[in-house]
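Labels below follow one simple rule: chain letters A, B, ... track the order of the sequence lines, proteins then strands, and each chain is numbered from 1.
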There are 2 protein chains.
Amino acid sequence: MNQKLKDQYDARARVLKALAHPSRLMIVDELSRQERCVAELTEMVGSDMSTVSKHLATLKNVGIIRDEKRGSQVYYSLVVRCIPNFFGCIESVLQANARQYLSLVELKIK
Amino acid sequence: MNQKLKDQYDARARVLKALAHPSRLMIVDELSRQERCVAELTEMVGSDMSTVSKHLATLKNVGIIRDEKRGSQVYYSLVVRCIPNFFGCIESVLQANARQYLSLVELKIK
DNA sequence: TCGTCACTTGGCGATATTACCAAATAAGCA
DNA sequence: TGCTTATTTGGTAATATCGCCAAGTGACGA
């Protein structure tokens with residue numbers, strides 16, 4: 001098995017893993033609209049600030065977002081602008097699932 | 001916090017989580033080219049067949065792939081054709097990271 | 001019907017993720 | 001310099017994921 005290819009899948013998986021959490025998706029979504037400091041994101045997400053800070057570190061580690069210190073606050077912004085385009089595709093997965101589920105329910109009713 | 005919105009992020013995260021594993025990415029990539037039975041995918045991934053079977057179940061559970069039994073074999077195929085488009089975007093993340101890393105190295109050399 | 005092949009499921013140990021609290025750091029102000 | 005605010009980091013318990021082996025299921029040919 002080609003090691004170079006394996007490394008590439010590892011690298012991709014690391015990026016997807018960083019995205020694969022509801023709070024982090026919420027953060028990315030918000031940052032796609034405007035930059036935000038940690039306090040604002042914490043308020044939005046509704047977890048402890050330390051938890052949100054760790055989510056932000058996770059996203060920053062894979063290069064999806066970046067931070068900029070201004071005074072005592074740290075502002076985060078989205079670097080990779082194409083990420084939100086994912087969601088359309090994911091939505092189509094979810095809708096397909098919903099349709100399938102509905103048709104199963106229909107079958108049971110009949 | 002809007003519960004409906006939270007549910008939506010949960011649902012999206014479930015789909016991304018299903019994708020976020022090197023072996024599963026390899027499988028999706030392969031299935032984007034052609035349908036494959038479990039034995040073929042097992043050979044390609046290089047893990048135990050039971051492991052691959054569980055990866056396939058994970059992908060099937062979120063509706064990304066589907067299975068079709070033919071005789072004693074089970075063929076899997078990609079349902080959501082837009083998934084491979086993700087990779088272009090992810091690649092851009094990785095390349096941006098690589099550039100950043102290189103420039104850091106350059107700075108250290110100087 | 002028995003055995004085999006292709007696959008899935010159960011179980012389990014090893015490892016990773018997550019969230020919280022508490023403590024550390026860093027900046028700005030009194 | 002000491003205090004407060006904003007954020008990160010360390011520690012830890014609860015939970016989830018992963019991969020293997022062993023056992024179960026289902027189709028098919030002998």
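- Taking the charged nitrogens against the carboxylate oxygens, A/Glu35 and A/Arg70 do have a contact shorter than 4.0 Å, which makes a salt bridge.
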Under-3.5 Å N/O pairs linking protein and nucleotides 23-27 of chain C:
none

**Request:** Could you go through the side chain to side chain contact (heavy atoms under 4.5 Å, CB included) check for B/Cys89 and A/Asn85 one step at a time?
**Result:** CA-CA 9 Å; B/Cys89 177; A/Asn85 299 341; over 6 Å; no

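- Non-hydrogen atoms lying under 4.0 Å from DNA chain C are contributed by nothing in residues 57-65 of chain B.
- A/Leu56 places its CG atom 17 Å from the P atom of C/dT17, with the value rounded to the nearest Å.
- For the pair A/His21 NE2 and C/dA16 C1', the computed distance is 13 Å after rounding to whole Å.
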**Item:** Full working for side chain to side chain contact (heavy atoms under 4.5 Å, CB included) between A/Phe86 and B/Ile83
**Value:** CA-CA 8 Å; A/Phe86 281 22; B/Ile83 298 273; over 6 Å; no

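- When heavy atoms are screened at a 4.0 angstrom cut-off, A/Ser47 is found touching the sugar-phosphate backbone but no base atom.
- Between atom CD of residue B/Glu30 and atom CG of residue B/Leu25 there is a gap of 13.5 Å, rounded to the nearest 0.5 Å.
- Note: CD1 (B/Ile27) to C1' (D/dG19) measures 13 Å, nearest angstrom.
- Taking only side-chain atoms of A/Cys37, from C-beta outward, the nucleotide of C/dC7, D/dT7, D/dC18 with the closest atom is D/dT7.
- Contact check, B/Thr51 against D/dC20: a side-chain N or O comes under 4.0 Å of OP1 or OP2.
- Ring geometry, A/His21 versus A/His55: the interplanar angle falls from 30° to 60°, so the pair is classed tilted.
- With hydrogens and angles ignored, the 3.5 Å screen pairs no side-chain donor or acceptor of B/Arg24 with any backbone N or O of A/Ala13.
- The side chain of B/Ser53 lies closest to C/dT8, out of C/dT8, D/dC21, D/dT9.
- The side chain of A/Met49 lies closest to D/dT8, out of D/dT8, D/dC20, C/dC7.
- Of the inter-residue distances, the one linking A/Leu59 atom CG with A/Ile64 atom CD1 reads 5.5 Å to the nearest 0.5 angstrom.
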**Request:** Test A/Glu91 against B/Arg12 for side chain to side chain contact (heavy atoms under 4.5 Å, CB included), laying out the working first.
**Result:** CA-CA 7 Å; A/Glu91 242 21 82; B/Arg12 289 177 178 181; 2.7 Å; yes

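- Per the geometry, NZ belonging to B/Lys54 stands 11 Å off P belonging to C/dT8, to the nearest Å.
- B/Ser50 comes within 4.0 angstrom of a nucleotide base, judged by non-hydrogen atoms across all strands.
- A/Leu41 is not connected to A/Tyr75 by any chain of hydrophobic side-chain contacts under 4.5 Å among Ile, Leu, Val, Met, Phe, Trp and Tyr, and they are in different clusters.
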Please tabulate, one pair per line, each protein N/O and nucleotide N/O from nucleotides 2-4 of chain C that are separated by under 3.5 Å, including the distance.
none

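- For the pair A/Leu16 CG and C/dA16 C1', the computed distance is 17 Å after rounding to whole Å.
- Residue-level contact check: B/Tyr75 touches neither bases nor backbone, having no heavy atom under 4.0 Å from any strand.
- The distance from atom CG of A/Asp67 to atom CD of A/Gln73, rounded to the nearest 0.5 Å, is 13.5 Å.
- Taking the ring centre of B/Tyr76 as origin, the terminal cationic atom of B/Arg36 falls outside the region bounded by 6.0 Å and 45° from the ring axis.
- At the phosphate of C/dT8, OP1 or OP2 sits under 4.0 Å from a side-chain N or O atom of B/Tyr76.
- Rounded to a whole Å, the CZ atom of A/Arg24 is 9 Å from the C1' atom of C/dT17.
- Distance, A/Asp48 CG to C/dC20 C1': 6 Å, rounded to whole Å.
- Separating the CG atom of A/Leu25 from the C1' atom of C/dT18 is a distance of 15 Å, rounded to the nearest angstrom.
- In this structure, A/Asp48 and A/Ser50 approach most closely via the heavy-atom pair OD2-OG, 2.7 Å.
- For A/Asp67 and A/Lys17, each mapped to the nucleotide of DNA chain D holding its nearest heavy atom, the one lying further toward the 5' end belongs to A/Asp67.
- Put simply, the side chain of A/Arg14 never gets that close to the backbone of B/Ala20: no donor and acceptor are under 3.5 Å apart.
- The side chain of B/His55 contributes no N or O atom lying less than 4.0 Å from OP1 or OP2 of D/dT17.
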